Amino acid sequence: MYSYSMMQWLFFFYVYCFAGWCIESAYVSIKDRKLTNRGFMRGPFLPLYGSGAIMMLVVSMPFREHIVLTYIAGCIGATALEYVTGVAMEALFKIRYWDYSDKPLNFQGHICLGSTLAWGFLTILMTQAVHIPVESMVLSMSDRVLTVLTYMLSVGIAADFALSFKAAIDIRNVLVKMEQAKREMLHIQKRLDVIIALAGQEMTNYKAALTESVNSAVGEWAEGMTVRIEDVKSGIESKLETARNIVLTRPAEYLGEIREELLELKTRYAVHVADRNRLGKVKDFFQRDMIRSNPDMISPKYREAFEELKRGMRKRQDKRDKDE
């Protein structure tokens, strides 16, 4: 049975966070053929690997002499950790930092059979080989040295985590605002549809008819219709032109109200387009670095907005490389 102090457990966690970063960064760098600082944090630490290693040690404690039970315990414990972590991070940040949706026998894209089986083998490797020299190293350290090193690492990692957490929250907020701008543009598009439809009718109360019709139309598309932002923009611009042409053919008594409504919608549309373009330009270093360090991460809820962020980053990087 493992019998460690809290300080030793914490130091083990940091050691395996670093080892996980080395493995993951090397793998991604080789796969993408460029150096990649992989992970949620900016420093050389991957908390998921550290947590996974500690989980493996803990769940295998009762079965250290039984390799099959060690394997099963590792499969179950590490997979549960991976699932809970993935769900929590997606719920909080609206981004999935790893995705197994294209893997066979996956569950919600957070876990899959292949990773579960791999966790079992890694648990055996951890308990039977990797942890033995790591344990010897840590146990050979004096309490004072271990305490100083652990405190120093804790301060640095805590600061790194705080900055990374803020960057992830900021990215989430950008995606939410980009989606809000798109929804406002969809609302404008529906108002234009109604204006065009109502322009050919005789009405005593134009504003009341417009409001009632728009509310009904908005209720229809708000139930989950997915539309590309470029289609929304082109649709609005086409409808603005159509509405403008209709105004020119309507009797004078309708011109004032319709022109006022069109001017308001045109102004709001320009504001939302500008907002979305501004939001799509990731200027913060930590946000850019987080996206660049996790090339495979996706946002199922805000997929289009997130892809727009990544395209903007690639364009700016290409321009920077060309200028150099």
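Model, not experiment: these values are computed from the prediction.
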Should we count CG of Asp143 as having more than 12 external heavy atoms under 6.0 Å? no
Check whether any side-chain heavy atom of Tyr83 lies under 4.5 Å from a side-chain heavy atom of Val87, and answer yes or no. yes
For a 4.5 angstrom cut-off between non-hydrogen side-chain atoms, does Ile111 reach Trp98? no
Heavy-atom donor-acceptor pair, Thr123 side chain to Tyr71 backbone, under 3.5 Å: no
Which atom of Ala78 lies closest to which atom of Met55, heavy atoms considered: N-CG, 4.0 Å
Look only at the side chain of Glu24 and the backbone of Trp21, and say whether a donor-acceptor pair between them is shorter than 3.5 Å. no
Sub-3.5 Å donor-acceptor pair from the side chain of Ser238 to the main-chain atoms of Ser234, do we have one? no
Does the side chain of Phe107 reach to within under 4.5 Å of the side chain of Cys112, using non-hydrogen atoms? no
For side-chain contact (heavy atoms from CB on, under 4.5 Å), just list the numbers for Lys166 and Ile169, CA-CA rounded to whole Å, side-chain angles, deciding distance to a tenth of an Å, and then say yes or no. CA-CA 5 Å; Lys166 181 181 182 303; Ile169 290 294; 5.7 Å; no
When rounded to the nearest 0.5 angstrom, what is the spacing between OG1 in Thr147 and CE in Met152? 13.0 Å
Donor-acceptor pair, side chain of Asn294 and main chain of Tyr97, under 3.5 angstrom: no
Between Asp99 and Asp296, does a side-chain contact (heavy atoms from CB on, under 4.5 Å) hold up when you go through it step by step? CA-CA 8 Å; Asp99 183 49; Asp296 296 328; over 6 Å; no
Measure the spacing between OG1 of Thr150 and CZ of Phe12 and express it to the nearest 0.5 Å. 10.0 Å
Treating Ser140 as the side-chain partner and Met137 as the backbone partner, does any N or O pair qualify as donor plus acceptor under 3.5 Å? yes
Work out which heavy atom in Cys17 is nearest to a heavy atom in Pro47; give both atom names and the distance. SG-CA, 3.6 Å
Applying side-chain contact (heavy atoms from CB on, under 4.5 Å), run through His110 and Thr85 and close with a yes or a no. CA-CA 9 Å; His110 295 296; Thr85 303; over 6 Å; no
To the nearest 0.5 Å, atom CG of Leu262 lies from atom NZ of Lys239 at 13.5 Å
Please test Lys177 against Asp275 for salt bridge (Lys or Arg N to Asp or Glu O under 4.0 Å), starting from the C-alpha separation and ending with a verdict. CA-CA 9 Å; Lys177 290 177 181 178; Asp275 284 345; over 6 Å; no
Please report the interatomic distance CD1(Ile236) to CD(Glu241), rounded to the nearest 0.5 Å. 14.5 Å
How long is the span from the CZ atom in Arg42 to the CZ atom in Phe285, to the nearest 0.5 Å? 8.0 Å
Determine whether a donor-acceptor pair (N or O, by modelled atom type, separation under 3.5 Å) exists between the side chain of Tyr302 and the backbone of Arg172. no
Using a 4.5 Å cut-off on heavy atoms from C-beta on, say whether the side chain of Leu175 contacts that of Ser299. yes
Mind listing the closest non-hydrogen atom pair of Val59 and Pro62 along with its distance? O-CD, 3.5 Å
Going through the checks in order, is the side-chain contact (heavy atoms from CB on, under 4.5 Å) test met by Leu92 and Phe165? CA-CA 10 Å; Leu92 182 60; Phe165 186 89; 3.6 Å; yes
Heavy atoms, side chains only, cut-off 4.5 Å: are Phe286 and Ser164 in contact? no
Mind checking whether Met56 and Trp119 have side chains closer than 4.5 Å, heavy atoms only? yes
Suppose we call two aromatic rings close when their centres sit under 6.0 Å apart. Are Phe40 and Phe93 close by that rule? yes
For Lys182 and Glu304, what are the C-alpha separation, side-chain angles and deciding distance, and is it a salt bridge (Lys or Arg N to Asp or Glu O under 4.0 Å)? CA-CA 10 Å; Lys182 178 181 176 180; Glu304 183 184 38; 2.8 Å; yes
I need the minimum non-hydrogen distance between Cys75 and Gly120, along with the two atoms involved. SG-CA, 3.5 Å
Strictly distance-based, threshold 3.5 Å: is any side-chain N or O of Asn277 a donor or acceptor partner for the main-chain N or O of Val273? yes
Would you call Phe18 and Leu46 a side-chain contact if the rule is heavy atoms closer than 4.5 Å? no
Is the side chain of Arg276 donor-acceptor paired with the backbone N or O of Ala181 at a distance under 3.5 Å, no angle test? no
Find the distance between CZ (Phe306) and CD1 (Ile95) and round it off to the nearest 0.5 Å. 4.0 Å
When the ring planes of His131 and Tyr4 are compared, do they come out parallel, tilted or perpendicular, using 30° and 60° as the limits? perpendicular
Least distance between heavy atoms, Ser154 atom then Leu10 atom: OG-CD2, 3.7 Å
Glu264 vs Arg268, test: salt bridge (Lys or Arg N to Asp or Glu O under 4.0 Å). Steps then yes/no. CA-CA 6 Å; Glu264 177 194 350; Arg268 285 172 53 194; 3.7 Å; yes
Donor-acceptor contact present, side-chain Asn106 to main-chain Lys103, <3.5 Å: yes
Could you report the tightest heavy-atom contact between Leu146 and Gln8, atom names first, then the distance? CD2-CG, 3.5 Å
Quick one: are Glu184 and Tyr269 in side-chain contact, heavy atoms under 4.5 Å? no
Any sub-3.5 Å donor-acceptor pair from Ser60's side-chain atoms to Leu57's backbone N or O? yes
